[in-house]
Structures are given as C-alpha cells and as structure tokens.
Amino acid sequence: MSDIPPTRQDPIRLHKQLSAIWDTPSGWGRLSAVNHTVLGKRFMAAALVFFAIGGLLAMLIRVQLATSSTAFVGPDVYAQIFTMHGTVMMFLFAIPMFEGLAMYLLPKMLGARDLAFPRLSAYGFWCYLFGGSILIAAMLAGVAPDSGWFMYTPLSSSAYTPGINADVWLLGVTFVEISALCAAVEITVSVLKLRAPGMSIDRMPIMAWYLLITALMMLFGFPPLILGSILLELERAFDLPFFDPTRGGDALLWQHLFWLFGHPEVYIIFLPAAGAVSMMIPTFAHHELVGYRAIVVAVIAVAFLSFGLWVHHMFTVGIPHLALAFFSAASGLVAIPTAVQIFAWIATLAQGRPRFDVPMLWLGGFFAVFVIGGLTGVMLAMVPFNWQAHDTHFVVAHLHYVLVGGFVFPMMAALYYWLPHITGRVGEHRLAAPAFWLIFIGFNLTFFLMHLTGLLGMPRRVASYPAEAGWDWLNLLSSVGGFLMTIGFALFVVDMFVQIRFGRAARRNPWGARSLEWAMPTRPTSYAFASLPQVDDRADRLDPAALAPKLARGEGYLGFVRNGWMETLGVDMTTGRPEQVVVLPRQTYKPLVSGLATGGFVLCLLFKTYLLSLVMLAVTIASLLAWTRGMGARQDTGPLPAGHGESLPPHWQARRPPSWWAMAFTLAADTTLFASLLFGALFLWLVAPGWPPSTLHDPNPVLSALAAAALLAAAFAGQQAASRLLGGSSPLPWLSASAAAHVAGAVLFLVLALSVEGRTLHAHQATVFVLYAYAGLHTTVGLIFAGHGAVRLRGGYLSAVRSIDLRIGRLWHDYAAASGLVVLAASFVLPLLAGSLGDGR
Amino acid sequence: MNNGRLIWPALGFIVWSSAFIALYAMLSVGCRFGWDQVELPGGMSLQRAQLIVILLVHLAAGLLLVLWLRKTAVAREAGAGAFLARVAWLAAVAALASTAFSFFGVFGLSSCH
C-alpha cells in the first residue's frame with residue numbers, strides 16, 4: 001500500500017502511470033476492453049451501422065410504395081422488410097445509440113473515471129452485437145421476423161407463423177434487451193454513486209438527471225416485454241396457450257404487455273436526446289439553462305405519465321369508454337411536461353446571445369419536426385380522431401416525426417457537438433449544411449405527405465394499393481423525399497469521415513462549454529481524469545479551462561496510482577460527500593466469453609435443441625460467476641488515502657457499495673416482471689374468452705406448505721449467515737443451511753410445476769405452471785448465491801468488514817422468499833377466482 | 001443526510017400511479033361482475049360509487065402529500081435536501097392535478113360500454 005501521495009505531480013509522468021493501468025491493449029487485446037470510452041464508441045459505431053441497415057430497408061419500402069404499380073416484392077418479403085426496419089431502428093439503433101452516448105459521456109460529465117460496472121458494459125455490448133447479428137443473419141437467410149415490429153398475436157403465434165421468423169424476433173430482441181437492462185443498472189448506479197466529490201444531487205449536470213430517469217424507466221419498462229416474449233416463446237415452443245383465445249388465452253394480453261413497454265420506450269428514446277439538447281443549448285446561448293428545477297420536475301412527470309398511456313395504441317380493440325378516457329387524458333397530459341422542457345430551451349436561447357453553428361442547425365430542425373410530431377400526438381390521443389386515423393399512414397407520419405424529430409435530429413446535433421471531444425479534431429463542415437437541408441427537406445417531404453395519405457385512408461403495412469385510390473402522386477413524392485434524405489445522410493457520413501480523417505487538431509473545449517467532460521484532454525485519455533475534481537457549483541456552470549490543468553497535475557482526488565488499481569470515488573447519493581474508493585476490474589475477456597455463451601444459449605433455443613441449451617445456460621452461469629475471481633481483498637484494509645486529506649474505505653468494506661445498489665435495482669426490474677406476470681393472470685381471468693376452464697388447478701397443500709417453509713428457511717439462513725459474518729464468526733453452517741433449503745425449494749417447485757395438469761389445455765393452468773417455474777428459478781439462483789458465498793469464504797474474501805457478497809446474497813434470498821410466497825398464495829387464489837366466474841363466457 | 005429523501009420527488013406520481021392501477025383494475029373487475037347493473041340507494045351504480053371512492057381517496061392522499069411537502073419546501077433550508085423537497089413539492093402538485101384531470105370521467109362516463 002502506498003503512502004499519502006503528493007498533491008501536485010508531473011502531469012506527463014502521472015499520465016504515463018495511469019495509462020499503463022487504464023489503457024485497452026492493442027491487437028486481440030481490444031476484445032478485452034472494459035473502458036467506457038472504448039465501449040461507448042463501439043456502441044455508437046455499431047448503432048450507426050444498424051441505422052444504415054434500417055435506412056436501406058426504408059428505401060426498399062419507399063421503392064415498393066412509390067406508385068401503385070412499382071411493387072417489386074410480394075407481401076411476404078415486404079412484411080419482413082417493414083418488420084425489420086422497425087425492429088432495427090427501435091432495438092438496434094435508437095436504444096444502443098443513446099446507451100453508447102451515455103456510456104461515453106456520463107463518467108466524464110460526473111467527474112468519474114469510469115462507469116460503476118465496466119465488465120457489465122462490455123457484456124452488454126457483446127449481447128447487443130450478437131443479438132443484432134442474429135436478426136440480421138436471419139434477414140439475409142430470408143427468415144426474418146415478419147409480423148410487424150410489435151409482433152401482434154395471433155399473427156405471430158405458431159398457427160400463422162409456423163417457421164422460426166417470430167422466434168428470431170422473440171429471442172434476438174430479448175437478447176438485446178439483456179444489454180439494455182445491463183445499461184439501465186449501470187447508468188442508474190453510476191449516476192447515483194460515482195460522481196465527483198461535492199457534486200450533490202442538485203449540482204448534477206442536467207443530462208445526468210435525464211439519464212438517471214431514463215435508466216429507471218428502462219428498469220420498469222423493459223420487463224413487461226421480456227415477460228411477453230418469454231410467454232409467447234413458451235406458447236410457440238411448448239404450446240402453453242397464453243394468447244390463444246380458444247384455450248383461455250387472449251391476443252390482447254400480448255398487446256398490453258408489448259405497449260406497457262412500447263410507449264414508455266418512446267420517451268426512453270426521447271429523454272436522453274432531450275438531455276443532450278439541454279447540454280448543447282446553454283453552450284450556444286452563452287447562458288445557463290433556464291428552469292433547471294422545472295425541467296427535473298417535468299422529466300419526472302413525463303416518466304410516470306408515459307407509463308399510463310399505453311392503451312392509446314389499442315383504442316380500437318374494444319375497451320370501455322371510461323378506460324379510454326383514462327388513457328386519453330394521460331396521453332394528452334404528457335404534452336405539458338414536454339412543453340415545459342421546450343419552453344425552457346427557448347427561454348435559455350432568449351436570455352442568452354445565441355451563436356449559430358452546425359449543431360444549432362440540427363437543433364432548429366429538432367424543434368420544428370418534434371413540435372409537429374407532438375401536436376399530431378395530441379390529435380391521436382383524442383379517441384374519436386384516433387379511431388379514424390388508426391392503422392393508417394397518419395400514424396406512420398406521427399411516429400416518424402416524434403422519433404426522428406425527437407431522437408435523430410438531436411443525435412446528429414450531439415454528434416457534431418461532441419465529435420471534437422471524441423476525435424480531438426474539428427472539421428470544415430462544408431458538407432454539413434447541405435447534408436442538413438437535404439435531410440430536413442427530404443424528411444418533411446417523405447413524412448408530411450403521409451399525414452395526407454393517412455387521412456385519405458391509406459393503411460399501414462400494405463405491400464401495394466390500387467391505382468383508383470388516388471394515392472400515387474403523394475406516395476411518389478414521399479419516395480422522392482426518402483431518397484433526398486438518403487443523399488443527405490450519405491453527405492453526413494462523408495462529412496464525418498472528413499472530420500475524423502482530415503480534421504484539424506481541435507483546441508480543448510472548442511464550443512466554450514461549461515461542463516466537466518471538457519476539463520480533460522480531447523481525445524480523452526482512458527482514465528478520463530488524472531485526478532477527480534471537487535465540485536463547488538452546479539456542474540454545468542464550471543470553468544473547464546481553469547480546472548483541466550489542475551486535474552492533470554493530480555491536484556484533485558486520487559491523483560496518483562496505487563497497487564495497479566483502477567480507482568474512482570464513490571459518493572453519498574444526495575450530498576456527493578466522498579465515502580468509498582471504488583476499485584474497478586481490469587481489462588478482461590470474461591465478458592466476451594459470457595456473451596458468446598449467452599449467444600450459444602439463445603441459438604440453442606432458436607433451433608430448439610433444448611438439452612444443449614441447458615448446457616449452454618450452465619456455461620453462461622459459470623462464466624458469469626468467474627467474473628468474481630480475484631475481486632475484493634483477502635485481508636481487511638484500513639482507510640485508503642484519497643487526496644485532499646481524505647481517507648476512505650475500499651468499496652468492498654463500504655456499507656453500500658455500487659454492487660449492493662445494482663442488486664437492489666435488478667430486483668426492482670425483476671419485481672416488475674413478476675408483477676406483469678400477475679397482471680397477466682388477472683387479465684386473463686377477467687377479460688379472456690373461454691373462462692372458467694373446464695378443470696381448475698388443484699394445488700397440493702402439503703407440498704405448498706413445504707415449499708413455503710423451504711423459502712422462509714433459505715431466507716432466514718441467508719440472513720443469519722450475514723449476521724454471523726458481521727459478528728465475527730463463521731457463516732458457513734448457515735450458508736450450508738440456506739443452500740440446502742434452496743435445493744429443497746427448487747425440487748418442491750419443480751414437482752409442483754410438473755403436477756399442474758392440463759397446462760397446454762387452458763391458460764389458467766399454463767399461468768400457474770409459469771408461476772411455479774418463476775419461483776423455482778429464483779430459489780435455484782438462491783442456491784447459486786449461497787454456494788458463491790461459501791466459495792468466497794473459502795477463498796478468504798469474507799470477514800466482518802468484507803461482507804458484501806453475503807449481503808447481496810441476502811437481498812436475493814429475501815426476494816426469492818417473498819416472491820415465492822406470493823406464487824404459492826396465487827396458486828390457491830387463482831383457482832378460486834376462476835371458479836367465481838360461474839357459467840363462463 | 002438521509003438518502004431517503006431521494007424518493008420524495010417520485011411520491012406524488014406514485015399516488016397518481018396507485019390511482020391509475022386501482023381504478024383500471026377495479027373498473028375491469030366491476031364490469032366483469034356486473035356492478036354497473038347494481039343500483040345503490042340514491043340511484044348511483046355500485047360500479048360508479050366504488051370508482052368515485054377510489055378517486056377521492058387518492059385525491060385526498062395527493063392533497064395531504066402536497067401540504068406536507070410544502071412545509072419542507074418553503075423552509076429556508078439550503079442545499080441538496082431543499083432542492084429535493086422543492087422538486088418533490090412541485091411534482092406532487094403536478095401529480096395531484098394529473099390525478100384530477102386523468103380520472104374525472106368516473107363521475108359521468110359510461111363505465112362498461
């Protein structure tokens with residue numbers, strides 16, 4: 001352990017010392033990257049490749065629809081094209097693009113050296129890349145998904161899509177969503193815990209607020225779709241009839257689960273872009289952001305309201321008027337907090353002395369396009385209008401105005417704004433203005449006219465239309481606009497290439513921004529900050545020019561190297577007071593191995609080799625467990641000097657290290673999935689046709705009581721194990737007891753699940769079966785946590801002050817017990833509810 | 001400082017979410033069991049009565065929350081805690097207005113058609 005280091009150092013020497021630790025190796029070593037700058041750039045580059053693929057598919061759509069006589073592919077292929085266009089743009093471009101930008105920028109804006117879980121970033125990247133590749137490979141093989149990007153049942157059910165097309169979507173997208181959930185946990189914990197000292201919650205840059213709230217939305221928004229995908233795949237693979245109305249299922253359950261994700265998804269895409277807008281406008285206005293607090297309130301309101309309007313995608317399916325009113329009101333309401341943000345940006349520009357440059361051009365385009373999209377959104381929120389425009393090209397126009405206006409335009413501005421940061425170069429941008437105008441004009445020509453074709457009655461997702469309809473000239477102009485836009489994007493790519501390859505070396509902070517990401521060398525070093533700043537003001541009104549040299553000289557926190565560790569600071573979530581030294585994992589191939597194993601598992605499911613899939617699942621779990629090898633310490637450590645006279649414990653001796661919070665937020669997402677499953681069970685009971693079932697599930701009270709006892713025993717033993725460790729005695733007996741109880745629980749739930757009769761005959765039994773499987777899976781994972789605790793104990797990584805492994809395990813044991821008890825209660829209540837329906841419907 | 005205050009900004013809209021879930025769920029339950037056909041003394045249906053009660057309970061909870069948060073928000077406290085209190089108060093006001101606006105239909109709209 002080093003002594004207290006000097007507060008002022010030679011910047012070159014410090015740079016070399018830090019680079020030796022933080023730099024990603026060259027050659028094949030690049031595959032071991034865990035650095036946020038490297039992975040952020042990879043995410044963005046991959047997302048832009050997928051954007052190009054999605055754009056190519058869009059051009060094919062416009063060729064197909066150019067006139068009533070230009071159809072060049074049949075409905076089958078056309079269905080694959082428009083399904084893949086939507087899927088690629090939503091899942092493989094928009095979300096990963098913002099994840100990449102967040103990954104790249106967030107630690108730099110927060111004054112940290114990296115994100116909280118660098119290996120999770122890398123694993124998320126590989127999951128994204130492999131999942132996306134499965135989808136693209138399927139398209140090239142001619143078996144792409146073809147049921148629309150929303151995969152409505154029964155069209156996507158095995159009766160109407162018997163091939164693997166729908167399976168490719170369900171498994172591929174779920175694979176990509178693992179990546180999104182990794183990013184959500186990563187971003188949430190990083191914003192809350194890994195900030196510069198002094199950066200209290202009210203001093204965070206506004207983009208951190210946007211990203212925090214977006215990540216929380218992802219934690220609660222993605223699980224319903226993951227559950228829906230699992231249930232639909234179970235129906236397709238094992239004939240469990242969740243969505244089959246002839247056997248007690250309901251196609252509308254899929255729509256509910258999909259849009260419970262799907263509508264918040266729109267805001268999940270928009271809010272990070274709005275965060276970027278909120279960073280750029282003050283820079284170009286030369287005025288701090290007006291209404292910082294109002295914007296925080298507005299973003300919170302948007303986040304909640306966006307979860308209360310999913311049914312506006314389902315206004316025509318036959319829902320009671322009163323329910324329509326709830327969702328219509330919420331759909332209209334969400335425009336208000338969105339408008340608050342727009343007015344705050346306008347006020348910032350009005351208060352300042354705006355300077356116009358290329359990013360501002362794109363921001364102007366964003367204002368115009370997004371506001372139009374918002375207004376047509378309010379129109380579609382009104383039920384009578386929605387009924388008229390439903391499933392027409394008006395909706396296509398609206399969603400493109402919102403998504404392209406609300407995400408693509410701000411992202412283009414962001415690319416121009418932060419490219420000097422990423423590349424260290426500035427370009428001439430002679431092509432930037434023509435590229436913008438081609439895209440802006442092309443976009444409006446393409447999509448504004450779709451409002452008209454939609455109002456004239458042109459439906460979505462049709463491969464051709466009759467000449468008598470009179471839609472030819474509007475469609476032809478739309479197609480011309482589409483190609484203009486494509487030329488614009490081609491110019492943009494050339495402009496980017498020119499800047500990256502031939503641009504002049506940029507001076508630091510070329511725009512005169514006042515946030516922390518500019519207080520470092522550009523291109524950024526792998527360690528971001530040679531030392532971490534003390535923040536005494538709001539993080540978007542700092543002086544990067546004055547700060548940067550001080551930090552480079554090591555005058556901030558952690559301005560030294562120690563033990564070859566990659567260190568950053570963990571702070572109190574509210575006050576920003578430093579409370580722990582977080583030691584991050586070094587470069588490793590483990591995330592790649594885990595990603596490959598997960599990919600193998602997904603492919604086995606896709607090709608229905610289920611025994612082999614179990615092997616791949618075991619390999620995946622083993623590879624993930626291998627991540628913990630060598631993490632932590634084998635002896636207790638005193639407080640570590642952190643600079644500025646502060647001494648802090650390493651994170652493995654802290655009370656609430658980032659990993660504890662990561663488990664807490666993961667369980668929040670898991671709870672959402674479980675709640676969605678219970679919602680599905682109750683929805684089918686109340687709404688689905690074919691109820692009550694001819695036979696009701698008959699729960700076994702003895703086995704159920706034993707399972708409940710096993711769950712409680714496992715949780716109690718897990719708690720005792722942690723308590724014993726904290727008290728200085730060996731937790732091994734209690735860990736063993738917890739493991740044994742989990743084994744008993746897993747076996748009991750397996751027996752209970754297999755004893756459910758008629759699970760392919762009716763959704764009632766299928767639902768109970770899945771509930772048992774959920775509980776069994778959780779208690780099995782509990783066994784892994786207990787075993788992992790024992791291995792860590794044996795390895796010497798646990799002591800009274802190094803107890804985090806057991807405390808994380810305890811969270812899981814408690815959740816497994818609580819959710820398992822709810823499952824057991826539901827197995828008794830659901831038959832009673834089904835029986836209460838009388839003669840049925 | 002107690003990090004529990006971090007949840008405050010969400011409290012108002014948690015009440016709104018609770019109202020949403022309760023009203024949408026009980027609307028479906030009532031329709032399934034024909035509560036709109038059960039007339040109470042005074043001519044109101046059981047369905048409408050239970051929905052109105054749910055809404056009023058949530059409006060009362062939201063109002064109490066606004067009043068409670070206001071006390072903290074207007075205190076002359078500075079720093080992160082004060083910021084969170086003020087954000088929480090404003091969000092609770094917005095959520096209370098949202099609750100009233102989103103669900104006022106329970107007083108008049110047909111519930112099961």
Side-chain angles (χ1 to χ4, degrees), chain A residues 192 199-204 209 212-213 216 292-305 307-309 311 318-334 336-337 340 538 572-577 656 675 679 682-683 685-687 691 833 836-838 841, chain B residues 1-6 8-17 19-21 23-33 36 47-48 51 55 78-95 97-113:
Chain A
L192 289 173
M199 190 187 283
S200 51
I201 198 89
D202 55 324
R203 289 178 178 164
M204 291 201 308
W209 272 104
L212 172 64
I213 291 169
L216 289 169
Y292 176 94
R293 192 167 58 197
I295 288 180
V296 173
V297 173
V299 178
I300 291 168
V302 166
F304 275 93
L305 291 171
F307 279 88
L309 42 85
V311 166
I319 285 173
H321 290 169
L322 185 52
L324 294 184
F326 295 166
F327 289 99
S328 177
S331 304
L333 264 181
V334 79
I336 295 175
V340 168
R538 216 171 72 192
D572 178 84
M573 295 190 291
T574 306
T575 62
R577 178 178 44 78
R656 291 277 186 267
F679 162 80
L682 296 173
F683 176 84
W685 162 61
L686 280 171
V687 176
W691 283 68
L833 292 176
S836 72
L837 292 173
R841 51 183 186 262
Chain B
M1 176 173 292
N2 181 2
N3 282 316
R5 201 177 271 203
L6 282 170
W8 283 17
L11 289 178
F13 277 99
I14 287 174
V15 174
W16 175 86
S17 304
F20 206 113
I21 292 167
L23 285 167
Y24 190 39
M26 292 312 293
L27 170 68
S28 303
V29 170
C31 291
R32 180 68 189 86
F33 289 97
D36 56 323
Q47 173 78 325
R48 192 170 307 285
L51 293 174
L55 176 58
F83 172 82
L84 287 172
R86 282 165 200 154
V87 165
W89 175 52
L90 291 171
V93 170
S98 300
T99 307
F101 182 75
S102 300
F103 310 120
F104 72 92
V106 299
F107 291 101
L109 290 180
S110 59
S111 63
C112 298
H113 300 286

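Just so it is clear: chains get the letters A, B, ... in the order the sequence lines come, proteins before strands, and each one is counted from 1.
The NE2 atom of His321(A) lies 11.0 Å from the SG atom of Cys112(B); values are rounded to the nearest 0.5 Å. In this structure, CG on Leu682(A) lies 13.5 Å from CZ on Arg32(B), to the nearest 0.5 angstrom. Note that CG of Leu322(A) and CG of Leu23(B) are 8.0 Å apart. Values are rounded to the nearest 0.5 Å. Taking CG from Leu212(A) and CG from Leu6(B), the interatomic distance works out to 9.0 Å, rounded to the nearest 0.5 Å. Ser28(B) OG to Leu686(A) CG: the interatomic distance, rounded to the nearest 0.5 Å, is 6.0 Å. Between the CZ atom in Phe101(B) and the CG atom in Leu333(A) there is a gap of 5.0 Å [rounded to 0.5 Å].
Using a 4.5 Å heavy-atom threshold, the side chains of Asn3(B) and Leu192(A) count as separate. Between Arg5(B) and Thr574(A) there is no side-chain heavy-atom pair separated by less than 4.5 Å.
Heavy-atom pairs under 4.5 Å with chain B peak, among Phe679(A), Phe326(A), Phe307(A), at Phe326(A). The candidate with the highest count of non-hydrogen atom pairs below 4.5 Å against chain B, out of Ala301(A), Ser328(A), Ser836(A), is Ala301(A). Heavy-atom pairs under 4.5 Å with chain A peak, among Ala94(B), Gly79(B), Ala95(B), at Gly79(B).
Between Gly308(A) and Trp16(B), the shortest heavy-atom distance links the atoms CA-CH2, 3.8 Å. Of all the heavy atoms in Phe83(B) and Asp202(A), the pair that sits closest is CG-CB, 3.3 Å. Here the shortest heavy-atom pairing between Ala329(A) and Ser102(B) reads CB-CA, 3.6 Å. Looking at every heavy atom in both residues, Leu84(B) comes nearest to Trp209(A) through CD2-CH2, 4.3 Å. Residue Ala325(A) comes nearest to Leu109(B) through the heavy atom pair CB-CD1, 3.3 Å, listed as atom of the first residue, atom of the second, then distance.
Residue contact with chain A, scored on non-hydrogen atoms closer than 4.5 Å, involves the side chain of Leu27(B) exclusively. Within the 4.5 angstrom heavy-atom criterion, only side-chain atoms of Phe33(B), from C-beta onward, approach chain A. For a residue to count as touching a neighbouring chain, one of its non-hydrogen atoms must lie under 4.5 Å from one of that chain's; by this rule Leu51(B) touches chain A with the side chain only. Phe20(B) touches chain A through its side chain: at least one heavy atom from C-beta onward sits under 4.5 Å away, while N, CA, C and O do not. Looking at Leu305(A), the atoms closer than 4.5 Å to chain B (heavy atoms on both sides) sit in the backbone and in the side chain alike.
Note: Tyr24(B) and Phe327(A) have perpendicular aromatic rings, judged against thresholds of 30 and 60 degrees for the angle between ring planes.
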